[in-house]
Amino acid sequence: MRLGLALGYWGRGPSPDHVALAQEAERLGYDSVWTAESWGSDVFTPLAWIAAQTSRIRLGTAVAQMAARSPTTTAMHALTLDHLSGGRMLLGLGLSGPQVVEGWYGRPFPSSPLTATREYVDVVRQVLRREAPVELAGRFHSHPYRGPDATGLGKPLKPITHPLRPDLPILLGAEGPKNVAQTTRIADGWLPLYWSPTRPEVYGPAVRELPENFLVAPLAQARVCDDVAEGLLPVKAMLGFYIGGMGHAARNFHADLMARMGYEEEAHRIQELFLSGRREEAVLAVPDAFADEISLVGPRERIAERLELWRKGPVTDLLALAPDPHTLRVLAELGSR
């Protein structure tokens, strides 16, 4: 099981320690470093900044939001950064939800998310393979565009720049069982959210029969500390925001996943509190047990014991949201056992 460093997205401003953490992770032998985006900082610019100040560590997006860019634009970003970094790019994609897609990106959320994802990946792969001009008569992605307002002058094109790697790895963020099953068919890897090493069944039967060399790279908050309850507070804060705020009361993929993991009543309560403006109460309503099973928090000995559970399952890459160099070092030492 390889180790990766997940840096997430910026909050109010850029994080001054991200480059230093990435450099320390590279020094410690971490395999990859990952950035993210929501509705603030973008995912590719910080990764390019890190790429320029590292030499070996692989560079991943976890995730680049599909609604933010056309698939050809995303492919251009990926092939450009892959060239500049010497072939270190890992392209993680995610669909996000209707609140972000329609509220922030000003685009309709696809009526068939599976079809939209499949078409998006198809176009990205066509660009990266550069075998022929890109063509797709898709339901959501049409190349060339042939909609009712088209000029009719568009023609199929292939990238001027020759991609460095036609098989650049594509990973998908997927939560529902159908989405996970499709991911195993069309992608090179999967970025699970809220992975619990004791409950892989919540993601559906596809997890039991993964393709050969398929990447399973969950994100997990990690913190070496003496007080487990205190260490879980950042995990609970993240869960309170995602379960309560990253979606609508009637449609929230994160809340749905939490419910499938056995915390349906608690998920509804978190949503209720968060959406009524009682955010601190929403965070405190997150069960410690749920926060604990999807993270690596506590003294070194406890984290060492829990890491064994992660190693026994299908996880190939553990992407640690580790905010401090000490936690990075401990994970590296434990990971090398």
Side-chain angles (χ1 to χ4, degrees), residues 1-8 22 25-26 29-36 43-44 47 51 56-66 74-75 77-79 81-82 85-95 117-118 120-122 124-125 128-129 163-197 199-220 222 257 294 296 307 309-322 331-332 335:
M1 187 175 68
R2 294 178 293 260
L3 288 176
L5 168 64
L7 296 172
E26 181 173 70
Y30 278 62
D31 179 75
S32 56
V33 58
W34 302 73
T35 54
V43 71
F44 287 105
L47 204 59
R56 177 198 57 78
I57 197 165
R58 293 199 292 174
L59 310 155
T61 56
V63 294
Q65 295 186 334
M66 287 185 258
T74 295
H77 278 296
L79 74 85
L81 188 48
D82 201 43
S85 66
R88 291 191 276 155
M89 182 71 199
L90 297 158
L91 181 59
L93 302 171
L95 195 59
T117 299
R118 188 166 59 250
Y120 199 102
V121 172
D122 184 348
V124 172
R125 292 229 190 259
L128 294 175
R129 288 170 179 161
L164 181 65
R165 293 183 297 162
D167 57 350
L168 187 154
I170 297 175
L171 299 87
L172 295 176
E175 295 182 38
K178 291 182 179 179
N179 201 350
V180 172
Q182 174 173 270
T183 296
T184 65
R185 295 193 299 269
I186 68 172
D188 304 296
W190 171 39
L191 295 159
L193 192 64
Y194 313 151
W195 175 264
S196 169
R199 302 175 195 255
E201 70 278 357
V202 301
Y203 286 105
V207 178
R208 294 195 294 268
E209 297 181 6
L210 297 172
E212 188 176 359
N213 299 321
F214 188 79
L215 303 176
V216 178
L219 285 80
L257 176 56
I294 65 169
L296 290 161
L307 267 175
L309 291 174
W310 292 72
R311 286 194 179 97
K312 290 177 181 177
V315 174
T316 60
D317 298 78
L318 171 60
L319 311 186
L321 285 154
L331 287 176

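Any value given below was found using the heavy atoms of this structure, including those in side chains, with hydrogens, waters and symmetry copies removed. Here the structure is a predicted model, which is why all the values come from computation and not from measurement.
- Although no hydrogens or angles enter the test, the distance criterion places a donor-acceptor pair under 3.5 Å between the side chain of W190 and the main chain of A174.
- Here E175 contributes atom CD and Y203 contributes atom OH; the two are 6.5 Å apart, rounded to the nearest 0.5 Å.
- In this structure, CG in L307 is found 6.5 Å from CG in L331, a value given to the nearest 0.5 Å.
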Side chain to side chain contact (heavy atoms under 4.5 Å, CB included) evaluation trace for L93 with V63: CA-CA 5 Å; L93 302 171; V63 294; 5.6 Å; no
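- A pairwise comparison of heavy atoms in L59 and A51 identifies CD1-CB, 3.5 Å as the closest pair.
- The shortest side-chain heavy-atom distance between Q182 and V121 does not fall under the 4.5 Å cut-off.
- Although no hydrogens or angles enter the test, the distance criterion places a donor-acceptor pair under 3.5 Å between the side chain of R125 and the main chain of I186.
- Taking CD1 from I294 and CZ from R199, the interatomic distance works out to 10.5 Å, rounded to the nearest 0.5 Å.
- Annotation for R88 and D82: closest pair N-OD1, 3.3 Å, computed over non-hydrogen atoms.
- Using a 4.5 Å cut-off on side-chain heavy atoms (C-beta onward), L79 and L168 make no contact.
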Audit row: T316, F214, side chain to side chain contact (heavy atoms under 4.5 Å, CB included) steps and yes/no: CA-CA 8 Å; T316 60; F214 188 79; over 6 Å; no
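- The minimum heavy-atom distance between A78 and L91, with the atom names listed, is CB-CD2, 4.1 Å.
- R165 places a side-chain N or O within donor-acceptor distance of the main-chain N or O of M89, the cut-off being under 3.5 Å.
- Checking side-chain atoms of E26 against main-chain N and O of R56 turns up a donor-acceptor pair under 3.5 Å.
- To the nearest 0.5 Å, atoms CG (L319) and CG (L219) are separated by 5.0 Å.
- For the pair L128 and A75, the tightest heavy-atom approach, listed with the atom from each and the gap, is CD2-O, 4.3 Å.
- Minimum interatomic distance between N179 and G173 (heavy atoms only, all atoms of both residues): ND2-O, 4.4 Å.
- One N or O on the side chain of D188 and one on the backbone of I170 form a donor-acceptor pair closer than 3.5 Å.
- Atom-to-atom distance recorded for T61:OG1 and L191:CG is 8.0 Å, nearest 0.5 angstrom.
- Using a 4.5 Å cut-off on side-chain heavy atoms (C-beta onward), L3 and L318 make contact.
- Taking the side chain as every heavy atom from C-beta outward, P218 and Y194 never approach each other to under 4.5 Å.
- Here the closest heavy-atom approach between residue P197 and residue W310 is recorded as CG-NE1, 3.7 Å.
- For the atom pair L171 CG and W34 CH2, the distance stands at 5.0 Å (nearest 0.5 Å).
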